[in-house]
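Start at 1 and go down the list; that is how both ligands and their atoms are numbered. Note that these values count all heavy atoms, side chains included, but never hydrogens, waters or copies made by symmetry.
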Amino acid sequence: MSQETEEQYRSIFENAVEGIYQTTVDGRYLRVNPALARIYGYDGPEELIVNLTDIAGQLYVDPGRREAFGELMVRQGVVHNFEARVFRRDGSIIWISENARCVRGADGAIRFYEGTVQDITERKQHEEKIRLLATVFLNVADGILIVDPELMVQAVNPAYTAMTAFEIDELVGQPLVLFHHGSHERAFIEEIWRTAQQAGRWQGEIVTFRRSGEEFSAEMTVSAVRSPGGTLEHYVLTLADISQRKYQEHQIRYQASFDRLTDLPNRWLVCERLEEALLRAQRSRTKVAVAFLDLNRFKQVNDTLGHQAGDELLKMIGRRLRNVTRVADTVGRLGADEFLVVAPDAADRLSGGRLAEKIVYSMNEPFTIFGQEIYCGASIGVAFYPDDGETADQLLRNAELAMHHAKRNPEQRFVLYDGTMRAQNGYHLTLESDLRRAIATGEFELFYQPKVDLAQRRLIGAEALIRWRHPGRGLVSPAEFIPLAEDTGLIWEIGCWTLYSAARTMASWIDRGLEAGVVSVNLSARQFQDARLVGLVQSVIEESRLPPDRLELELTEGAMIGDIEKAVGVLNGLKGIGVKLSIDDFGTGYSSLAYLKRFPIDTLKIDRSFVRDIVKSSTDPAIVGTIVSLADSLGFATIAEGVETREQADMLLQQRCTCIQGYLISRPLELPAFEAFVRRPGLQI
Ligand code: C2E
Ligand code: CA
Ligand code: CA
């Protein structure tokens with residue numbers, strides 16, 4: 001070897017980053033470079049050679065590794081990437097990887113080994129971490145999903161597939177689908193990804209679903225994983241199934257807040273729900289109706305038939321109350337034979353009155369207990385937030401007071417609280433006598449609100465809405481006086497006037513060539529249940545000579561509950577005359593689809609509460625869509641009321657509901673203004 005080559009080799013040996021060595025076969029170092037000394041923690045090659053004299057015993061954590069090394073050398077003459085854990089001088093352990101060969105003498109015997117050493121501790125730790133993670137991924141009880149930034153699923157662990165019963169193939173490579181349509185507000189879901197992306201992590205409770213479609217609650221964390229450079233690589237989602245825990249929590253809360261006998265919320269819980277409803281109503285400026293119910297003949301039942309019969313009766317009352325109220329309403333038992341119904345979103349006093357009416361009807365039906373028919377009856381008082389009280393306590397007291405009024409006047413099925421009640425009974429009396437006078441002196445007027453078909457861009461009709469031009473109080477809304485008119489029976493005469501006057505107006509429009517479609521008139525429950533109704537409508541048609549299909553009657557579902565057979569009979573009678581029938585406020589009431597099919601109805605009028613929420617909520621559009629398809633399949637038309645914005649109209653159109661009524665088109669108009677509306681060329685929508 002030339003001087004120069006020798007120099008070059010020396011330089012490489014001295015400066016290499018890898019450790020380089022020559023050792024004897026029995027494990028002593030002959031030569032080492034500075035890098036090897038550094039890797040093993042010695043000050044320099046000299047120190048290493050002096051101190052590290054037994055490779056098998058001193059260096060390898062597992063002395064067996066040296067044996068394995070030796071065997072490989074004998075068999076192959078070389079080793080590649082021979083990995084082992086070794087002690088450094090200070091006793092710490094590192095991972096190394098060796099490449100070595102044996103150098104033989106002329107006789108073929110091994111003279112020494114020479115090789116290189118690399119410190120691979122960092123790589124090993126990384127691999128270890130990954131293995132650990134993989135173990136966790138495979139073995140934890142939490143479901144784990146890994147998705148890319150476009151939310152395509154990249155990996156799922158066995159816990160997730162076990163939890164949801166999905167197959168891996170059904171998930172991996174597919175877009176992530178965590179939520180059933182409508183299980184969460186869109187805004188909530190967007191918030192999850194926004195937070196995960198911006199803050200790196202989102203944690204919270206969600207409702208997700210299993211392969212069977214069953215929904216369950218899960219505690220979820222979403223972590224964003226970024227590369228060292230900061231680009232988002234993927235999200236890791238962990239989900240813990242807490243449906244079991246939820247169930248237990250529910251059980252515990254249930255026992256503390258529900259009445260054992262009827263399974264209804266107890267006094268504490270109804271009051272809680274009432275307070276919640278008040279908070280929401282305060283924000284949304286809506287009303288809450290509170291109906292206080294006291295059974296009329298509970299004591300007799302208990303005394304004559306015994307406690308068991310009494311208990312049975314209370315259970316049945318609970319069930320019936322649940323059946324006549326909406327899901328959003330709370331029915332609770334206050335004690336003994338007192339019940340409370342809290343109806344949030346009561347649009348006005350009228351709808352609160354309707355609720356009370358439905359309850360009264362349901363209570364007047366007999367209860368069959370131990371084979372015996374029992375008529376129990378109930379007295380009901382209703383108070384409204386905010387009109388009759390600001391707090392739960394005030395409302396409860398006032399509803400109770402109104403209930404006592406109802407008890408004292410058996411002909412009144414329910415009583416709405418009003419402020420003068422505390423002093424005396426005067427208010428009702430003056431309003432009642434005013435109402436009687438109004439009929440005689442003709443203080444009523446009809447306003448007309450256009451109904452349009454957006455698809456055909458044309459007017460299809462008008463709803464006649466009554467107004468009372470009270471000499472002292474100005475224009476009084478029907479929500480104020482219809483309940484009283486119903487209570488006092490004056491509704492019959494008012495209803496006659498409305499029908500005649502709407503029919504005559506329509507007939508005159510036809511005579512004058514004003515194309516206004518169909519005029520619709522509201523009928524309250526009391527009118528519908530009056531045996532004279534079919535005869536009245538018959539004479540209205542005859543007297544006005546209006547083609548019957550130009551008159552439509554709007555009925556609420558509440559009007560038809562009770563005796564379904566009778567209702568079907570009356571509806572068929574009306575249909576026989578040829579008038580159109582529509583169900584008003586559809587979706588808020590009893591809505592038994594089974595009986596809907598039996599009714600000869602033309603149109604379902606989707607309640608304005610759905611329209612109001614349709615833009616905000618992710619579920620209501622679906623509900624509207626369902627109503628429309630359902631109506632379609634039953635052969636009914638649909639119309640949406642209370643449409644105030646273009647956005648609502650667009651959402652309705654998307655759900656295939658093209659007929660609308662509401663402030664977006666026009667407010668209810670006085671007769672001349674309505675006629676002007678009809679004459680206006682082309683619909684400006
Ligand atoms: P309804 O049958 O649900 O009538 C629709 C009510 O919604 C009307 O209130 C109407 O003015 C209102 N409305 C229309 N468009 C919109 C809108 O875009 N936004 C909102 N927020 N409200 C809108 P009105 O005229 O005060 O009538 C209240 C209720 O009184 C009616 O509810 C109906 O049940 C009853 N009613 C009205 N006229 C008569 C009648 O002649 N006889 C009977 N029995 N009841 C009547
Ligand atoms: Ca109506
Ligand atoms: Ca309505």
Notebook entry, point to check: When you look for heavy atoms under 4.0 Å from ligand 1, do you find them on the side chain of Asn522, its backbone, both, or neither?
Noted result: both

Check: Heavy atom of Gly495 under 4.0 Å from ligand 1?
Finding: no

Next item on the list: Just to the nearest 10 degrees, tell me the angle at the Ca ion (ligand 2) spanned by Glu554 OE1 and Asp584 OD2.
Entry: 90°

Check: Does Glu675 pair with Arg512 as a salt bridge, N-O distance under 4.0 Å?
Finding: yes

Note to self: Can you check the angle at the Ca ion (ligand 2) formed by OE2 of Glu463 and OD1 of Asn522? Round it to the nearest 10°.
What the structure shows: 90°

Checklist line | Those atoms of ligand 1 less than 4.0 Å from some heavy atom in Glu463 | finding: 2 (O), 4 (O)

Check: Does even one non-hydrogen atom of Arg612 get within less than 4.0 Å of ligand 1?
Finding: no

Check: With atoms numbered from 1 as shown, which atoms in ligand 1 lie under 4.0 angstrom from a non-hydrogen atom of Gln527?
Finding: 44 (N)

Margin query: Check for me whether Arg467 has a heavy atom closer than 4.0 Å to any atom of ligand 1.
Written below: yes

Check: Would you say ligand 1 has an N or O under 3.5 Å from any N or O of Leu664?
Finding: no

Next item on the list: May I ask you to decide whether Glu644 forms a salt bridge with Arg608, counting only side-chain N to carboxylate O separations under 4.0 Å?
Entry: no

Margin query: Distance under 4.0 Å to a non-hydrogen atom of Ser524: what atoms of ligand 1 satisfy this?
Written below: 44 (N)

Notebook entry, point to check: Is a side-chain N or O of Gln527 found less than 3.5 angstrom from the main chain of Ser524, in a donor-acceptor match?
Noted result: yes

Check: Should you measure from each heavy atom of Leu350, which atoms of ligand 1 turn up under 4.0 Å away?
Finding: 29 (C), 30 (O), 34 (O), 35 (C)

Notebook entry, point to check: Can you list the atoms of ligand 1 that are under 4.0 Å from a heavy atom of Asp585?
Noted result: 3 (O)

Check: With a 4.0 Å cut-off, would you call Arg283 and Glu276 a salt bridge?
Finding: no

Note to self: Any N/O/S atom, side chain or main chain, of Glu641 closer to the Ca ion (ligand 2) than 3.0 Å?
What the structure shows: no

Notebook entry, point to check: Would you call Arg667 a ligand 1 contact, heavy-atom distance under 4.0 Å?
Noted result: no

Check: Quick one: CD on Glu552 to NZ on Lys451, what's the gap to the nearest 0.5 Å?
Finding: 4.0 Å

Check: If you count the atoms of ligand 1 from 1 in the order shown, which ones are under 4.0 Å from a heavy atom of Gly662?
Finding: 15 (N), 18 (O)

Note to self: When you compare the side chain of Lys605 with that of Gln661, does any pair of heavy atoms fall below 4.5 Å?
What the structure shows: yes

Notebook entry, point to check: Val341 and side chain to side chain contact (heavy atoms under 4.5 Å, CB included): which partner among Leu355, Ile380, Leu293?
Noted result: Leu355

Item checked: Electrostatic pair Asp511-Arg545, nearest N-O below 4.0 angstrom -> no

Margin query: Heavy-atom pairs closer than 4.0 Å: do any link ligand 1 to the side chain of Leu446, the backbone, both, or neither?
Written below: neither

Margin query: I need the contact type for Val521 against ligand 1. Using non-hydrogen atoms and a strict under-4.0 Å cut-off, is it side chain, backbone, both or neither?
Written below: neither

Margin query: Within the structure provided, determine whether Ile660 and Val611 are in side-chain contact (heavy-atom separation under 4.5 Å).
Written below: no

Next item on the list: Tell me which part of Arg354 gets within contact of ligand 1: side chain, backbone, both or neither, using heavy atoms under 4.0 Å.
Entry: side chain

Check: Using 4.0 Å as the upper bound for N to carboxylate O, is an ion pair formed by Glu486 and Arg526?
Finding: no

Next item on the list: Tell me, please, if Asp585 has any N/O/S atom, main chain or side chain, under 3.0 Å from the Ca ion (ligand 2)?
Entry: no

Check: Quick one: does ligand 1 sit under 4.0 Å from the side chain of Arg608, the backbone, both or neither, non-hydrogen atoms only?
Finding: side chain

